[in-house]
Amino acid sequence: MTSQKVLMVAEKPSIAVSIASVLSRGQMSTRKGATDVHEFNAMFLGFRAQYKVTSVIGHVFSVDFPAAYQDRTATDPLDLFQAQVVKSAANPKAHIPRHLSQEARGCTHLVLWLDCDREGENICFEVIECSGFTMNSRNGRVYRARFSSISEKDILKAMDNLVEPNRNEALAVDARQEIDLKVGVAFTRFQTNYFQGKYGNLDARVISYGPCQTPTLGFCVQRYLQISTFKPEKFWTLHPYIFQNGHEVKLEWERQKLFDVNVGMMFQKLVLEDGILDVTEISEKQESKGRPVGLNTVNLLKVASSALGFGPQMAMQLAERLYTQGFISYPRTESTAYPSSFDFRGTLAALVNNPTTGSYAEKLLSEGFQKPRGGVDVGDHPPITPVKSAKEDMLGIDAWRLYQYVCQHFLGSVSPDCKYIRTRVEFTIGGESFHCTGQRTVVEGFTYIMPWLGISEKNLPQFMKGEKLEVSKVELYEGSTSAPDYLSESELISLMEKNGIGTDASIPVHINNICERNYVQVQPGRKLVPTALGISLIRGYQCIDPDLCLPDIRSFIEQQITLVAKGQVEHSRVVQHVLQQFKQKFIYFVQQVINFLIFLRHCDAQVDMARSFWHK
DNA sequence: GCAAGGTC
């Protein structure tokens with residue numbers, strides 16, 4: 001009897017290695033190709049089988065317009081909405097389609113090990129197309145492996161529960177690709193044609209629009225507008241002072257702020273006339289600051305920007321290198337919960353040779369470490385953790401600093417919580433209430449290894465309830481409300497994540513885009529300051545159609561394609577419906593812009609007439 | 001050469 005031949009395809013080479021290692025128990029032979037192919041013999045569905053495990057490198061295809069629409073001077077952007085879209089190799093140099101079709105030859109079964117998300121489901125069908133397999137054919141069968149992590153347990157479990165790939169989820173991605181392409185390119189071509197060199201000094205090669213990049217820019221400009229329209233306001237507050245056991249203590253007012261100096265002076269007089277503070281309440285409460293959950297990509301990017309000064313693009317490049325050199329685990333993950341099978345002891349042991357964090361890792365090993373807090377498991381990859389110890393000269397200064405943070409975060413996540421005692425003393429004087437607070441650390445916990453998160457110690461002298469104290473002075477402090485600062489890159493990342501703009505992998509790309517297109521500039525402290533061009537663009541959308549630069553535009557697309565993913569509405573109906581709406585917006589936008597440009601030309605003509613009149 | 005999403 002001839003044996004079965006099984007082809008397995010993963011989303012990236014490293015996953016193919018993991019799957020082949022588990023299923024062959026390490027007994028595989030690897031041969032080079034467009035991507036490596038791992039071969040071995042094992043049982044498959046009760047029969048002896050020859051296995052080949054290989055991978056793609058992300059998407060095999062990407063969508064674009066046919067050649068006829070590529071010449072932007074010869075095409076009306078409005079026609080793009082009803083144009084055909086064609087798929088072509090995402091990376092022609094990699095020759096992935098040819099690789100898949102060659103390896104599939106003679107195979108009786110195809111098992112798809114793509115990442116278990118919508119994009120992965122879409123890549124499943126790209127692989128099916130290249131391999132020549134068809135769903136439900138007699139001579140070859142197609143299976144989908146659904147795995148929640150790349151552990152031996154989950155891989156074997158997925159093998160015992162093979163399912164079919166989900167066509168609807170794949171179609172939802174097709175819908176998004178077509179909508180993003182048509183909307184983005186139509187607006188971008190129109191804007192570039194009409195704004196470039198037309199007026200002002202908005203000189204730029206391309207003036208782009210996109211349902212992710214434009215709301216991203218919108219966040220930066222929104223903050224800029226808050227700053228530029230901010231009107232500072234004076235305020236007053238009372239601070240009584242006392243001397244207790246040789247310490248001067250400044251008290252805070254329950255009313256916090258007043259915006260009228262006369263009322264402030266009245267209260268100051270009341271307090272001074274009384275002159276005696278009554279201690280009405282003393283409370284001590286133990287508070288806890290929780291250790292961090294596992295590190296995911298977005299949180300790594302935020303820390304890299306705010307604490308290490310690395311932009312997201314650079315942070316990902318450094319992380320990628322640390323990953324391929326085996327120092328940290330896979331750096332693209334949404335999960336913050338460690339899998340149940342995670343080897344904490346092994347990871348700690350791997351760090352004991354680290355010059356700076358090694359002794360702390362050793363201490364956790366000998367004295368015991370904590371089970372990490374919950375977090376979320378999205379089922380993609382485990383949180384980002386160190387894998388082996390390193391020294392600075394092995395990595396270079398930047399990679400070393402990022403690696404150090406990954407170590408500190410991991411160690412922090414298996415350390416005790418930080419415990420501290422908060423003391424609050426309440427006073428009354430002249431009918432007004434004041435208080436002071438102190439705090440002291442009881443258990444340092446994870447803040448030992450992440451000292452910047454530590455509790456700032458504030459000691460208070462002893463007080464007794466019912467005690468009466470003489471006030472030493474009563475300050476009427478005059479302050480001024482201040483404008484917020486420019487949006488920091490790490491705040492922007494938080495806003496994007498919260499509003500569903502981009503993914504962990506694409507957030508750095510969008511931020512990089514708005515910088516490279518000269519819409520914002522990164523200033524010291526990684527603050528994002530919009531340029532004249534960026535401000536003009538967003539103000540333009542705000543005048544014509546504010547939806548265009550709001551994050552809801554992305555949520556709307558996501559929500560519509562989810563109907564496809566769930567099989568509730570047909571793919572083509574959703575695409576038509578969404579494109580129809582964007583086409584209306586596009587037409588209105590074009591009309592308004594053209595009217596405005598006509599108006600400007602009219603103004604110029606008036607100015608010219610006035611000039612020639614006065615210069616006669 | 002314009003979008004956004006994979007991954008390198």
Side-chain angles (χ1 to χ4, degrees), chain A residues 10-16 34-36 55-65 67 69-75 77 80-81 83 85 87 89-91 93-94 96 114-127 169-170 172-196 204-217 297 313 316-317 319-325 330-333 380-381 496 500-514 516-517 548 553-554 557-558 561 578-579 582:
Chain A
E11 191 157 321
K12 41 190 168 278
S14 62
I15 303 255
T35 54
D36 286 358
S55 74
V56 291
I57 312 166
H59 271 290
V60 181
F61 298 115
S62 69
V63 293
D64 207 342
F65 294 110
Y69 293 88
Q70 296 293 342
D71 180 358
R72 58 182 175 156
T73 54
T75 323
L80 296 176
F81 286 96
V85 292
K87 289 199 174 200
N91 183 356
K93 285 181 196 153
I96 299 295
L114 292 120
D115 291 357
C116 294
D117 53 25
R118 263 183 214 169
E119 297 296 330
E121 224 58 40
N122 187 269
I123 303 174
C124 281
F125 288 90
E126 297 182 334
V127 171
E169 294 216 331
V173 172
D174 284 340
R176 180 192 54 70
Q177 289 175 339
E178 184 170 345
I179 294 164
D180 284 345
L181 176 73
K182 291 183 169 177
V183 173
V185 175
F187 274 89
T188 299
R189 284 190 187 174
F190 170 73
Q191 290 186 165
T192 305
N193 285 340
Y194 269 76
F195 296 160
Q196 198 174 55
R205 280 183 356 274
V206 53
I207 299 169
S208 56
Y209 176 85
C212 285
Q213 57 172 272
T214 304
T216 301
L217 171 63
T297 307
Q313 198 95 348
M316 283 317 286
Q317 277 168 16
E320 190 79 46
R321 229 176 60 214
L322 287 169
Y323 162 66
T324 51
Q325 293 173 348
Y330 189 68
R332 271 188 293 271
T333 177
D380 49 355
H381 295 88
M496 293 176 76
I501 304 292
T503 65
D504 52 0
S506 70
I507 282 173
V509 180
H510 299 311
I511 296 180
N512 203 49
N513 265 337
I514 62 171
E516 279 197 337
R517 302 267 159 80
L548 290 171
I553 206 93
R554 192 68 194 156
I557 297 174
E558 290 290 336
I561 65 164
V578 176
L579 285 179
F582 273 103

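Residue numbers begin at 1 in each chain, while the letters A, B, ... track the order of the sequences.
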Exercise for the section: Determine: side-chain N/O of A/Arg554 to OP1/OP2 of B/dA3, distance under 4.0 Å, yes or no. Expected result: no

Problem - Gap between atoms CD1 and C1', on A/Ile96 and B/dC8 respectively (whole Å) - result: 11 Å

Practice task
Would you please name every residue forming a side chain to side chain donor-acceptor pair (under 3.5 Å) with A/Gln213, sequence neighbours left out?
Solution key: A/Ser208

Problem - Sugar-phosphate only, base, or nothing, as touched by A/Arg118 at under 4.0 Å among non-hydrogen atoms - result: nothing

Practice task
Establish, with yes or no, whether the OP1 or OP2 oxygen of B/dG5 is under 4.0 angstrom from a side-chain nitrogen or oxygen of A/Arg176.
Solution key: no

Handout entry: Side-chain N,O (A/Arg205) to OP1/OP2 (B/dC2) below 4.0 Å
Key = yes

Practice task
Can you figure out which of B/dA4, B/dT7, B/dA3 approaches the side chain of A/Ser208 most closely?
Solution key: B/dA3

Handout entry: Flag side-chain contact, heavy atom, 4.5 Å: A/Phe190 against A/Leu80
Key = no

Handout entry: Residue A/Ala90, side-chain heavy atoms: nucleotide from B/dA3, B/dG6, B/dT7 that is nearest
Key = B/dG6

Practice task
Using a cut-off of strictly less than 4.0 Å, decide whether A/Gln213 has a side-chain nitrogen or oxygen near OP1 or OP2 of B/dA3.
Solution key: yes

Exercise for the section: Go through B/dG6, B/dA4, B/dC2 for me and flag the one nearest to the A/Pro211 side chain. Expected result: B/dA4

Exercise for the section: Would you mind classifying the nucleic acid contact of A/Val63 as base, sugar-phosphate or nothing, using non-hydrogen atoms under 4.0 angstrom? Expected result: base

Practice task
From the options B/dC2, B/dG5, B/dC8, select the nucleotide whose nearest atom is closest to the side chain of A/Asn91.
Solution key: B/dC8

Practice task
Using a 4.0 Å heavy-atom cut-off across all strands, classify A/Glu11 as base, sugar-phosphate, or nothing.
Solution key: sugar-phosphate

Exercise for the section: Using a heavy-atom cut-off of under 4.0 Å over every strand shown, decide if A/Asp504 touches base, sugar-phosphate, or nothing. Expected result: nothing

Practice task
For the side chain of A/Cys212, starting at C-beta, report the closest nucleotide among B/dC8, B/dA4, B/dC2.
Solution key: B/dA4

Practice task
Compare every heavy atom of A/Asp115 with every heavy atom of A/Glu11, then report the nearest pair and how far apart it is.
Solution key: OE1-N, 3.0 Å

Exercise for the section: Answer yes or no: side-chain N or O of A/Arg72 and base N or O of B/dC2 forming a donor-acceptor pair under 3.5 Å. Expected result: no

Handout entry: Whole-Å gap separating C1' (B/dG6) and CG (A/Asp117)
Key = 9 Å

Handout entry: Distance, rounded to the nearest Å, where A/Glu320 contributes CD and B/dG6 contributes P
Key = 14 Å

Exercise for the section: Identify whether any heavy atom of A/Phe187 sits under 4.0 Å from a base atom; if not, whether one sits that close to sugar-phosphate; answer base, sugar-phosphate or nothing. Expected result: nothing

Practice task
Indicate, with a heavy-atom threshold strictly under 4.0 Å, whether A/Asn122 touches base, sugar-phosphate, or nothing.
Solution key: nothing

Practice task
Assign A/Tyr323 to base, sugar-phosphate, or nothing according to its heavy-atom contacts below 4.0 angstrom with the strands shown.
Solution key: nothing

Completion exercise
In whole angstroms, the gap separating P of B/dG5 from CG of A/Asp115 amounts to 16 Å

Fill in the blank from the handout: Residues at least two apart in sequence or cross-chain that pass side chain to side chain donor-acceptor pair (under 3.5 Å) with A/Arg176, listed by chain then number, are A/Glu119, A/Asp180

Practice task
Indicate, with a heavy-atom threshold strictly under 4.0 Å, whether A/Gly120 touches base, sugar-phosphate, or nothing.
Solution key: nothing

Handout entry: Atom-pair distance (CD1 on A/Ile561; C1' on B/dA3), nearest Å
Key = 14 Å

Problem - Closest-nucleotide 5' rank along DNA chain B - winner of A/Val183 and A/Ile123 - result: A/Val183

Completion exercise
Whole-Å distance, A/Ile507 CD1 to B/dT7 P, equals 14 Å

Practice task
Name the orientation class of the two ring planes belonging to A/Tyr323 and A/Tyr330 (parallel below 30°, tilted from 30 to 60°, perpendicular beyond 60°).
Solution key: perpendicular

Exercise for the section: Please work out whether the ring planes of A/Tyr209 and A/Phe187 are parallel, tilted or perpendicular, with thresholds of 30° and 60°. Expected result: tilted

Handout entry: Rounded interatomic separation in angstrom, taking CG from A/Asp180 and P from B/dA3
Key = 10 Å

Exercise for the section: With DNA chain B as reference, determine whether A/His59 or A/Asp64 sits nearer its 5' end, using the nearest nucleotide of each. Expected result: A/Asp64

Practice task
Report which part of the nucleic acid A/Arg321 touches: base, sugar-phosphate, or nothing (heavy-atom distance under 4.0 Å, all strands).
Solution key: nothing

Exercise for the section: Pick base, sugar-phosphate or nothing for A/Val185, based on heavy-atom distances below 4.0 Å to the nucleic acid. Expected result: base

Practice task
Taking only the side-chain nitrogens and oxygens of A/Thr503, find out if one of them lies under 4.0 Å from OP1 or OP2 of B/dG6.
Solution key: yes

Problem - Student check: side-chain heavy atoms of A/Val56 and A/Thr35 closer than 4.5 Å - result: no

Exercise for the section: For A/Asp71 and B/dC2, give me the distance from atom CG to atom P, rounded to whole Å. Expected result: 15 Å

